[in-house]
Amino acid sequence: MALTGLQIFKLLPGTNCRDCGYTTCLAFAMKLAAGQVSLDKCPTASEDIKATLGAASAPPIRGVTIGKGERAITVGEETVYFRHDKTFVRPTGLFRMIDPNRLSDGEIEKHLDDWATIGIERAGELFRVDGIAMIEPAGSRERYARLAEAISRRGMPVALMASTIDGVRSAVEKIKDQRPLIVPSPGVDQSPFVALAAEFKLPLVITGKDLDDVAATAVDAAKHGVTDMLLEPPAKDARELHQNLSRLRRGALDRIHPGLGYPIFLRVAAGEFDKVVIGITKFASLVAMENAAGEAWLPYWTLRQNIYTDPQKPLQIDPSVHSIGEPDENAPLLVTTNFSLTYFIVSTELDGTGVPSRLAVVDAEGMSVLTAWSAGKFSGEKVAKELRRLGATEHVKHKTVIIPGYVSVISGELEDALGDGWRVLTGPQEASDLNAFFRDVWQPMMNG
Amino acid sequence: MSLKLQPKKWPGKIREVTLGAGNRQPRTVGGGNGLPLHTFEADFPHRPVLALEVTDINPPRWLDIVREPWEGLLGKPADAARKAAEQYGADLIMLNLMGTHPDRGGRSPDQAAIDVEAVLDAVRVPLIVKGPGAGAKQNDVLARVAEKYHGEGLVLHSACQEDYKTLAAVTVAYGHVLVSESPIDLNIAKQVDILLSDVNINLDRVLIDPLTGGLGYGLEYTYSVMERIRLAALGGDQMLNSPMICLVGEEVWKVKEVKVSERQEPRWGDQETRGINWEVATAWSLIEAGAEVVVLRHPDSLARVRKILDAWFAEGASNNTR
Ligand code: B12
Ligand code: SF4
């Protein structure tokens, strides 16, 4: 029977020692009740409560960490089928596959240098290559170990896509402290890999010809001492992939079989764009993909950002006046809302113009420009009040404020509300047109 | 051992709505009794359909990447529609009458009707007619078109909470299908459907447009609102079980990530493929969330989404294979 947070709280030590990562035992109890953490995070929990909560206290999908240090990635720990019920918590890890059978070591090193440093910022998130999936090179164990180490040296998590047990062992021995993920080729006998993962306490991918087979193999691996696993469902086409991902998630949440309560691994060949899209929207925890370039990664990262954002709470930033470059009293003053996405886009664009400016980010309860306007949070009067409150009006001599093009309708009201000789200038609708706007409207106006 | 994975059964199902009549080859959408694409446990008599967008005027803000496949045909809606249906494989056409907007030349309802007629003559697939946006002009244009081409089962885009009566009346009188739009809000979606049934529209003639945002620009909200609309419908809500239509192309092809060239952002990769990927990813996520009619701009996006759907709903596959 499921216990409430309060019932669980009564069983906890009650010392608020924070070892679990929560500030109070009560907060931890609430998370336990929601199935979002597991009891073993509290080192002083009594045997009593362990017995009481039993298996039910473990989250339905185990959290598995791959890699070490700052770039380590934890996947799993999901508790819902629909993100509006409680949000998805562990964004899909996106790994880049490398096939050393087609590249020289020098080429690989160059790729690694490159991929380790990719960092694209979007709406407050840093998009990176989350890890490298290294295919086992034919013929040379030393080479596999060397390449695995080359990845680890750059701090990136490693998945070892192994075809032989000897090959992967040599790599594992070299980087065992880095918690690599062991990924046996589909179809091979998994038992030696199970033994290896158990020996080094490493995470392992379990495959199977169907879900029954996957689940049974996982249970068997657990018996042999493997605790951290990812399941790889068969996925010959998009439809089968979707079906298996859906059934795996549901089976795990309903706890119909102990072999299903693990995150999901997916490998994707070059050009299978749709499979990655399905994986990200539908429950895949870690995707290792062959040759995909920026034109695929950018939509993947963005989709993942969307799917793993909590729609209940729009990401917002604190209202304030931001300086772009080093603006003087003649620099343009612009206004936008405090929805992080909006702020991020507008400030990036302003940066790109090279024109020093000030951006007043007003409190609009974290809504986009038009949403805020329709909800009455970006009316002329509200904006005027915020501009005064933030002191935005004090920095500039020209007494002109530029508003987003989509809300040209507020310009009269805003002018009236600001009074004191202030002018309102309607900017472009899309922030990406700000460069042209400065060139064609703002600068001629200020010079003439 | 065998996993006890029970197929999930729902009390409700999606309404079947037939697009196109008269000289059109009709196309029915909806009818599914399970979560979107859950073909392994529910029955889907009809698959999602894909439309391409054609315009009455040369669209001033389309990017070169989406102009290229329509070279010489922009602003020639009949020729563009023919190419869309015959060559690009569109299941249906959306004629965007953007030129009727006062800021875009303000073409008259009669001029709009001429465009509609030309498209209707050029193709046999069902036609969505999109007005210039809520307001008096939209009503004039769509009412004129609806009356003149009665019986063609046109899909009129769109009515909203504040303004639905005119379009509801012509939909009923002339045998069309009406899109009811609502700004990413389940309650408003429901409210518009209630209002429409109050004025005696049979909801078998209604599609919901939840006004989607594109990938990276509001999809995080739309995705869940659509899922929730779907769940309400499957739970038995008769006022929310209309099939959903999403205008993906117009949301996608204005965002920064499709506009920036590879030269400006080398990390972002090839611009054309990136744009098409953006449209495919948006379209597919929305189909996952429950869209049954998806309107695209780039024919390559259509071809790619279509390929997935073809395999998914291959002969016999629309029924479940439990
Ligand atoms: C996601 C979304 C929501 C989310 C909220 C997201 C959020 N945090 O704001 C939810 C679902 C909660 C929502 C709710 C509502 N929404 Co809403 N929503 C959207 C949607 C799909 C995307 C908005 C978005 O995120 N845009 C991306 C951001 C980055 O855009 P942006 O802020 O405008 O910034 C761009 C430009 O304005 C410009 N810019 C920004 N700042 C500046 C500054 C300067 C100086 C310049 C020059 C340019 C500039 O640059 C940016 C990029 O180019 C849009 C439709 C759409 N496709 O755009 C509707 C939309 C904005 N919503 C709308 C409405 C009506 C509503 C509701 C009132 C509906 C309702 N009754 O429930 C509510 C209001 C909220 C409330 N009462 O709580 C309407 C507004 C209609 C109108 N024309 O006024 C829209 C347009 C949908 C529609 N077509 O009807 N919404
Ligand atoms: S670790 Fe245990 S005792 Fe310490 S605060 Fe957390 S729940 Fe309480």
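Predicted model only: the values in this text are computed from it and were never measured. In the text below, chain A, chain B and the rest are named by the order of the sequence lines, each starting its count at 1.
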Report the distance from atom [atom1] of [X] to atom [atom2] of [Y], rounding to the nearest 0.5 Å.
X: Tyr81(A); Y: Lys8(B); atom1: OH; atom2: NZ; value: 9.5 Å
X: Thr353(A); Y: Asp433(A); atom1: OG1; atom2: CG; value: 12.5 Å
X: Asp43(B); Y: His38(B); atom1: CG; atom2: NE2; value: 14.0 Å

Selection from [options] maximising heavy-atom pairs under 4.5 Å formed with chain B:
options: Ile280(A), Asp310(A), Val276(A), Ile345(A); result: Ile345(A)
options: Ser374(A), Ser246(A), Gly251(A); result: Ser246(A)
options: Asp254(A), Leu303(A), Thr342(A), Thr348(A); result: Leu303(A)

Portion of [X] that has a non-hydrogen atom of chain A nearer than 4.5 angstrom:
X: Glu272(B); result: neither
X: Arg61(B); result: side chain
X: Ile184(B); result: neither
X: Ile308(B); result: side chain
X: Ile276(B); result: neither
X: Lys259(B); result: side chain

Under 4.5 Å from any heavy atom of chain B, what part of [X] do you find: side chain, backbone, both or neither?
X: Ala296(A); result: both
X: Gln305(A); result: neither
X: Ile278(A); result: both
X: Thr281(A); result: both
X: Phe339(A); result: side chain
X: Asp85(A); result: neither
X: Glu240(A); result: neither

| said: Would Arg249(A) pass as a cation-pi partner of Phe88(A), given that its NZ or CZ must be under 6.0 Å from the six-membered ring centre and within 45 degrees of the axis? | reply: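 Yes, Arg249(A) sits over the ring of Phe88(A).
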| task | Please lay out, stage by stage, how Ile264(A) and Leu245(A) fare under the test side chain to side chain contact (heavy atoms under 4.5 Å, CB included). | result | CA-CA 8 Å; Ile264(A) 300 173; Leu245(A) 291 172; 3.6 Å; yes
[Y] and [X], any side-chain heavy atoms less than 4.5 Å apart:
X: Trp278(B); Y: Leu298(A); value: yes
X: Arg304(B); Y: Glu279(B); value: no
X: Ser285(B); Y: Leu215(B); value: no

| Over 12 non-hydrogen atoms of neighbours within 6.0 angstrom of NZ in Lys275(A) |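 Check passes, neighbour count above 12.
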| request: Output the option from Gln6(B), Arg274(B), Lys307(B) having the highest count of non-hydrogen pairs under 4.5 Å with chain A. | output: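 The option with the most such pairs is Arg274(B).
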| chain A interface, residue from Val305(B), Thr273(B), Leu219(B) that has the most non-hydrogen pairs under 4.5 Å |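 Maximum pair count with chain A is reached by Leu219(B).
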| Closest heavy-atom pair and its distance - Gly124(A), Phe344(A) |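 Closest heavy-atom pair between Gly124(A) and Phe344(A): N-CD1, 4.5 Å.
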| Given Val287(A), Asp130(A), Leu266(A), Ile307(A), the one that forms side-chain contact (heavy atoms from CB on, under 4.5 Å) with Thr92(A) |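 That would be Val287(A).
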